Amino acid sequence: MPGRSFVERLVAELPALFRMARKMTRSETDAEDLVQSTVVRAMEKRGDLRDEERMRAWLFQVQRTVLLNGVRGAARRFEVIQGGKGAEAPEPSEDLEEEILRRSFDDRVTHALDGMPPEWKEALLLREVEELSYEEIASVQGSPVGTVRSRLARARAALFEGLSEANRARGVHHGKM
């Protein structure tokens with residue numbers, strides 16, 4: 001990576017940003033918007049990048065912040081449109097990207113992941129899919145490394161338990177056939 005400009009390194013990380021954005025938003029269009037906003041924000045904040053070797057983790061942190069700020073803003077806009085707090089959001093319609101994401105993991109894995117708190121799921125995906133270090137995940141999530149270790153341990157235990165339950169249920173189902 002030495003000798004490469006910030007923009008060149010940023011462009012090299014776009015596939016990882018898109019992967020994570022699709023997992024976070026479950027929509028191709030929203031993922032593209034999130035990545036675009038992340039790139040703009042990263043360009044504005046590039047002076048904050050202290051270690052070029054940890055650019056991916058820094059970009060995920062920027063992306064997470066952009067997403068959280070966007071969700072907060074959308075919630076406020078939704079309240080205005082719906083006439084106040086407490087109104088239920090309409091269910092999103094399914095799209096091709098959502099279908100692809102669902103099929104990218106076995107249904108049992110998807111179900112187990114969906115049952116986890118978002119912080120656990122995010123930590124697990126950053127570690128196992130994006131292969132970030134515990135320190136990088138801590139930076140992305142804005143939490144101590146010990147918290148990341150705890151989240152990962154709990155996420156792995158929840159995933160194991162969810163898969164075990166699914167296998168037991170599947171075995172019972174197959175036993176009836």
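Computed from a prediction, not measured in an experiment: that's the story for all the values here.
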key: Contact check, side chains of Gln63 and Val35, non-hydrogen atoms, under 4.5 Å   = yes
request  = Mind listing the closest non-hydrogen atom pair of Val148 and Ser143 along with its distance?
outcome  = CG2-OG, 3.8 Å
key: Between CG on residue Leu34 and CE on residue Met20, distance to nearest 0.5 Å   = 11.0 Å
query = Taking only residues two or more places apart in sequence, or in another chain, which ones meet Glu44 in a salt bridge (charged side-chain N to carboxylate O under 4.0 Å, His left out)?
reply = Arg41
note = Residues passing the salt bridge (charged side-chain N to carboxylate O under 4.0 Å, His left out) test with Asp51, sequence neighbours excluded, are Arg54
key: Nearest non-hydrogen partners of Leu10 and Met43, listed with the distance   = CD2-SD, 3.8 Å
message = According to side chain to side chain contact (heavy atoms under 4.5 Å, CB included), who are the partners of Ala31, at least two apart in sequence or on a separate chain?
response = Ala21, Arg22, Thr25
request  = Kindly compute the distance separating CG (Leu124) from CZ (Arg154), expressed to the nearest 0.5 Å.
outcome  = 14.5 Å
task = Output, in order, the C-alpha distance, side-chain angles, deciding distance and verdict of side-chain hydrogen bond (donor to acceptor under 3.5 Å, both in side chains) for Glu122 and Gln141.
result = CA-CA 9 Å; Glu122 179 184 42; Gln141 291 190 323; 2.9 Å; yes
remark   = Interatomic distance, CG@Leu67 vs OG1@Thr38, rounded to 0.5 Å, equals 8.0 Å
query = Just wondering, more than 12 heavy atoms not from Phe160 lying within 6.0 Å of its CZ?
reply = no
ask   = Does any N or O in the side chain of Ser37 come within less than 3.5 Å of the main-chain N or O of Asp33, such that one atom is a donor and the other an acceptor?
value = yes
inquiry  = Rounded at 0.5 Å granularity, tell me how far OG in Ser139 sits from CZ in Arg56.
reply    = 14.0 Å
Other residues, nucleotides, ligands: >12 heavy atoms within 6.0 Å of Glu135 CD = yes
message = Between Arg19 and Glu130, does any NZ, NE, NH1 or NH2 come within less than 4.0 Å of an OD or OE carboxylate oxygen?
response = yes
ask   = Does a side-chain heavy-atom distance below 4.5 Å link Trp58 with Glu136?
value = no
key: Residue pair Leu126 / Glu131, side-chain heavy-atom distance below 4.5 Å   = no
message = Between Val39 and Leu14, is there a side-chain heavy-atom distance shorter than 4.5 Å?
response = yes
Over all atoms of both residues, closest heavy-atom pair of Met116 and Ala155 = CE-O, 3.2 Å
inquiry  = For the OG1 atom of Thr147 and the CD1 atom of Ile137, what is their distance to the nearest 0.5 Å?
reply    = 12.5 Å
remark   = Paired with Phe18, the side-chain contact (heavy atoms from CB on, under 4.5 Å) test is passed by just one of Glu13, Glu32, Lys23, namely Glu32
query = So how far is it from Gln36 CD to Leu17 CG, rounded to the nearest 0.5 Å?
reply = 13.0 Å
ask   = Does Trp120 reach the side chain of Arg156, with side-chain heavy atoms less than 4.5 Å apart?
value = no
task = Could you tell me whether Glu119 and Arg151 make a salt bridge, using a distance below 4.0 angstrom between a side-chain N and a carboxylate O?
result = no
